[in-house]
Asks: 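Here it is, the structure, as structure tokens.
Keep in mind that what you see is a predicted model, and the values were worked out from it rather than measured. Reminder, nothing fancy here: chain letters follow the sequence lines and each chain counts from 1. Because only heavy atoms are used, hydrogens play no part in the values below, and waters and symmetry mates are left out as well, while side chains stay in.
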Number of protein chains: 2
Amino acid sequence: MKLEKAAAQLEALGNPTRLNIYRLLVRAGDEGLPVGRIQEKLDIPASTLSHHCKRLIETGLVTQERQATTLICRANYPAMQGLIGYLADECCADATCSPVAKESVA
Amino acid sequence: MKLEKAAAQLEALGNPTRLNIYRLLVRAGDEGLPVGRIQEKLDIPASTLSHHCKRLIETGLVTQERQATTLICRANYPAMQGLIGYLADECCADATCSPVAKESVA
DNA sequence: ATCGAATTTCGATAATTGTCGAAATTCGAT
DNA sequence: ATCGAATTTCGACAATTATCGAAATTCGAT
């Protein structure tokens, strides 16, 4: 993974609201979560939420699928996997860090 | 780990310059790298670099040790380990994500 | 072809972050 | 106690990001 991309994903997750959104999506699993549902849970204005979702989507960490007027958001696991792998590979060269995610992830 | 702390660390790494600094430190290993050395490698003004280092230090991802007038920076591996663990645990509940770093990191 | 629900886009403002030179600090050596 | 080297702190400005209401869009149902 390119450093710029990793940084963009890290930055996307590096906002408490967005990290919360992402965690919600992970917990929702394959089913995903409609935007409106996220809004209820986090109690933030629709436009603000939409902005944060957009940011997560732009970096590839989240995907959106339309079901009628409802937009379903889902955590994009392979993207997170890639990010964790990057951190483990590029940013954790020491033995004290879990020697995982180098080649064993597949 | 608390969400707020994880977000702070992710945000710290979510800047290309800081991610670069961090990677440099990882590659430098236990020996660490003096601030001036980082500056040479990245070619950025001292005050700007100092600001970024400070941010990394504040989140616990980097430590600093004084050797005379020189300040040596080091990547704090346990912190990164904790962050990777958080991502794997809290943000990667699916089987497609490496089932690592849950308990096996020790 | 209209309506209402779900969501985004727009636009404006507030808040935070990044950048950098100048001045201040720290500390060993003289 | 002064000097020079390494680095930080300060202060100012630029750039980016966050927030939110209002208006626009999308789409199924009527």
Side-chain angles (χ1 to χ4, degrees), chain A residues 3-25 28 31-76, chain B residues 3-25 28 31-76:
Chain A
L3 180 136
E4 279 287 354
K5 185 184 175 185
Q9 293 185 333
L10 290 165
E11 196 227 22
L13 293 172
N15 170 283
T17 301
R18 284 195 294 266
L19 188 52
N20 247 320
I21 293 170
Y22 190 82
R23 287 210 320 160
L24 241 45
L25 294 181
E31 211 182 315
L33 220 52
V35 173
R37 212 60 197 280
I38 302 174
Q39 195 193 342
E40 285 170 17
K41 297 212 182 203
L42 298 186
D43 191 33
I44 50 181
S47 56
T48 301
L49 174 57
S50 183
H51 167 251
H52 285 305
C53 285
K54 192 178 178 184
R55 257 158 121 26
L56 286 168
I57 291 165
E58 279 168 357
T59 62
L61 286 165
V62 165
T63 61
Q64 244 180 9
E65 182 206 353
R66 184 148 228 144
Q67 277 183 15
T69 70
T70 300
L71 286 173
I72 310 270
C73 298
R74 287 193 185 80
N76 183 14
Chain B
L3 180 137
E4 280 287 355
K5 184 184 175 187
Q9 293 185 332
L10 290 166
E11 197 229 20
L13 294 172
N15 170 284
T17 300
R18 285 196 295 266
L19 188 51
N20 247 321
I21 292 171
Y22 190 82
R23 286 209 320 161
L24 240 44
L25 294 180
E31 210 181 314
L33 221 52
V35 173
R37 212 62 198 281
I38 302 174
Q39 195 193 343
E40 286 170 17
K41 298 211 180 204
L42 297 186
D43 191 33
I44 50 182
S47 57
T48 302
L49 175 57
S50 183
H51 167 251
H52 285 306
C53 286
K54 193 179 179 185
R55 257 157 122 23
L56 286 167
I57 291 164
E58 280 168 356
T59 63
L61 286 166
V62 165
T63 61
Q64 244 180 8
E65 182 205 353
R66 183 148 228 144
Q67 277 183 13
T69 69
T70 300
L71 287 172
I72 310 268
C73 299
R74 287 193 186 81
N76 182 14

Asks: Taking only residues two or more places apart in sequence or in another chain, which ones pass side chain to side chain donor-acceptor pair (under 3.5 Å) with A:E65?
Replies: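 Per chain and number, A:E65 pairs via side chain to side chain donor-acceptor pair (under 3.5 Å) with A:R74.
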Asks: Can you name the side chain to side chain contact (heavy atoms under 4.5 Å, CB included) partners of A:E58, sequence neighbours left out?
Replies: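 Residues passing side chain to side chain contact (heavy atoms under 4.5 Å, CB included) with A:E58: A:K54, A:R55.
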Asks: Taking only Watson-Crick and G-U wobble pairs with both distances under 3.5 Å, what dot-bracket line describes DNA chain D, where [ ] shows pairs that cross earlier ones and | shows pairs with another strand?
Replies: ||||||||||||||||||||||||||||||
Asks: If you take any heavy atom closer than 4.0 Å to DNA chain D, which residues from residues 56-64 of chain A end up in contact?
Replies: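 Heavy-atom cutoff 4.0 Å gives no residues at all.
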Asks: Please identify each residue that fulfils side chain to side chain contact (heavy atoms under 4.5 Å, CB included) with A:A28, with sequence neighbours left out.
Replies: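 Residues passing side chain to side chain contact (heavy atoms under 4.5 Å, CB included) with A:A28: A:L33.
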Asks: Measure all distances between protein nitrogen or oxygen atoms and nitrogen or oxygen atoms of nucleotides 19-23 of chain D, and list the pairs falling under 3.5 Å.
Replies:
| unit_1 | atom_1 | unit_2 | atom_2 | d |
| --- | --- | --- | --- | --- |
| D:dT19 | OP2 | A:H52 | NE2 | 2.6 |
| D:dG21 | N7 | A:S47 | OG | 3.0 |
| D:dG21 | O6 | A:S47 | OG | 3.1 |

Asks: For nucleotides 25-30 of chain D, just jot down a letter per nucleotide in 5' to 3' order: B, S or -, based on protein non-hydrogen atoms under 4.0 Å.
Replies: -SBS--
Asks: If you look at every strand shown and take non-hydrogen atoms under 4.0 Å, does B:R37 touch a base, only sugar-phosphate, or nothing?
Replies: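 No contact.
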Asks: Applying side chain to side chain donor-acceptor pair (under 3.5 Å), name anything that partners A:Q67, two or more places apart in sequence or on another chain.
Replies: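 Per chain and number, A:Q67 pairs via side chain to side chain donor-acceptor pair (under 3.5 Å) with no residue.
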Asks: Any pair with a residue in residues 39-48 of chain B that passes salt bridge (charged side-chain N to carboxylate O under 4.0 Å, His left out), sequence neighbours left out, goes on the list, sorted by first then second residue, please.
Replies: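 Found B:R37-B:E40.
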Asks: Residues in side chain to side chain contact (heavy atoms under 4.5 Å, CB included) with B:S50, at least two apart?
Replies: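 For B:S50, no residue satisfies side chain to side chain contact (heavy atoms under 4.5 Å, CB included) once neighbours in sequence are set aside.
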Asks: Just jot down the side chain to side chain contact (heavy atoms under 4.5 Å, CB included) partners of A:H52, sequence neighbours excluded, or say none.
Replies: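 Per chain and number, A:H52 pairs via side chain to side chain contact (heavy atoms under 4.5 Å, CB included) with A:N15, A:T17, A:R18, A:I21, A:T48.
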Asks: B:Q39: what forms a side chain to side chain donor-acceptor pair (under 3.5 Å) with it, not counting sequence neighbours?
Replies: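 With sequence neighbours excluded, B:Q39 shows a side chain to side chain donor-acceptor pair (under 3.5 Å) to no residue whatsoever.
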